[in-house]
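Below is one structure, written out as structure tokens; the observations come after it.
Keep in mind that this is a model prediction, so the values were computed, not measured.
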Amino acid sequence: RDIGNPSDLDHYYPVSRHKDWFAGHSWAGGVGYNGGTRDEESSSEAMNAYYGLYLWGLSTSNSVMQDIARVLFATEVNAVKSYWHLYPNITEDTPYPEQGMRAHTSVGQIMNEQAGAWLWWGGLKTEMAAIQIMPITPITEYIADPDWVQGMVPHCSSEFSDPGNALWSTFVYMANAVLDPHEAFLQLQEGGYTDQIGGSLTNNMWWLSTRAGTTGQTCTGSPYFVTNTSSVILQVK
């Protein structure tokens, strides 16, 4: 009820507390100002929140909740591709006409009056990308859209060699698996694995070995046993 209340008759919780239906995306602190400006850093936390809402509806056989979660998720994905994922080669129909801005490939922070390639707590390229990816779940297939990943991974690559940055780089490697899981596995081997926030090495290996990639092989060298794990249940009908 806190993040996905479907009823305006509820006297205790607002309808979809965090969702800004005008902007199309969510705000970390909710639509209310909370005594200051609204902001959203991690777009993927919003998408995973609505995925969790869908799973709750599924586990409780609540079709209304499932449908509400679908709409919340689908509109969030569309907004993320508009505001957080940057595509350097797209020059039309973009809120970022400046080539220098789009070259960052990832927006770290959206606020009421500004957006930029920065975070409250850091400014590394991999940090700004990872905070839009984490954690790795079935809906990462929707989060890591190939057009974004194609520009984002090379942009972040200069930071892969820093062992102190392995936590953030790992999320970028996992996103790269939508393009080439074998290369992503090699990146994970070379860059080293460190405990992820909300993840595990086992989960990463499952993710890598269930991607359909350009090499036609899994990270172990065997033919893919799964070629498509798309969460079709989340598609808006």
Is it possible for you to say whether [X] and [Y] belong to one hydrophobic cluster, with membership spreading through side-chain heavy-atom contacts below 4.5 Å?
X: L119; Y: W168; answer: yes
X: V64; Y: L58; answer: yes
X: F22; Y: V71; answer: no

Measure the spacing between [atom1] of [X] and [atom2] of [Y] and express it to the nearest 0.5 Å.
X: F73; Y: Q66; atom1: CZ; atom2: CD; answer: 14.5 Å
X: S42; Y: I131; atom1: OG; atom2: CD1; answer: 4.5 Å
X: S106; Y: H155; atom1: OG; atom2: NE2; answer: 7.0 Å
X: M111; Y: D39; atom1: CE; atom2: CG; answer: 5.5 Å
X: M65; Y: T60; atom1: CE; atom2: OG1; answer: 7.0 Å
X: E76; Y: K19; atom1: CD; atom2: NZ; answer: 3.5 Å

Grab the two heavy atoms, one from [X] and one from [Y], that are nearest each other, plus how far apart they are.
X: A117; Y: M101; result: N-CE, 4.4 Å
X: L124; Y: E127; result: N-OE1, 3.0 Å
X: G151; Y: T105; result: O-CG2, 3.6 Å
X: A115; Y: Y96; result: CB-OH, 3.7 Å
X: N5; Y: Y13; result: ND2-O, 2.9 Å
X: V178; Y: W207; result: CG1-CZ2, 4.0 Å

Using the ring of each side chain (for Trp, its six-membered ring), is W118 parallel, tilted or perpendicular to W120, with breaks at 30° and 60°?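 W118 and W120: perpendicular rings.
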Can you tell me how the ring of W148 sits relative to the ring of H85, calling it parallel under 30°, perpendicular over 60° and tilted otherwise? parallel
Can you tell me if [X] uses its side chain to pair, donor with acceptor, with the backbone of [Y] under 3.5 Å?
X: S200; Y: N203; answer: yes
X: R102; Y: P97; answer: yes
X: S44; Y: M134; answer: yes
X: E41; Y: Q109; answer: no
X: T94; Y: I90; answer: no

Step by step, work out the salt bridge (Lys or Arg N to Asp or Glu O under 4.0 Å) result for D145 and K81. CA-CA 8 Å; D145 73 272; K81 290 180 178 181; 5.1 Å; no
Measuring only between side-chain heavy atoms, which start at C-beta, is V15 closer than 4.5 Å to D10?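 No, side chains not in contact.
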Ring-ring centroid check [X] [Y], cutoff 6.0 Å:
X: W21; Y: W27; answer: no
X: F160; Y: Y173; answer: yes
X: Y142; Y: Y51; answer: no

Option among M152, K125, E159, Q187 that satisfies the side chain to side chain contact (heavy atoms under 4.5 Å, CB included) test with V172: M152
If you apply the rule side-chain contact (heavy atoms from CB on, under 4.5 Å), what do you find for L86 with V107, and how did you get there? CA-CA 7 Å; L86 302 179; V107 167; 3.8 Å; yes
Without hydrogens or angle criteria, can the side chains of Q132 and S43 be said to hold a donor-acceptor pair below 3.5 Å?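 The criterion, which ignores hydrogens and geometry beyond distance, is satisfied for S43 and Q132.
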Just checking, any donor-acceptor pair under 3.5 angstrom between side chains of N48 and T137? yes
Step through the shown structure and confirm whether more than 12 heavy atoms of other residues, nucleotides or ligands are within 6.0 Å of CD on E92. no
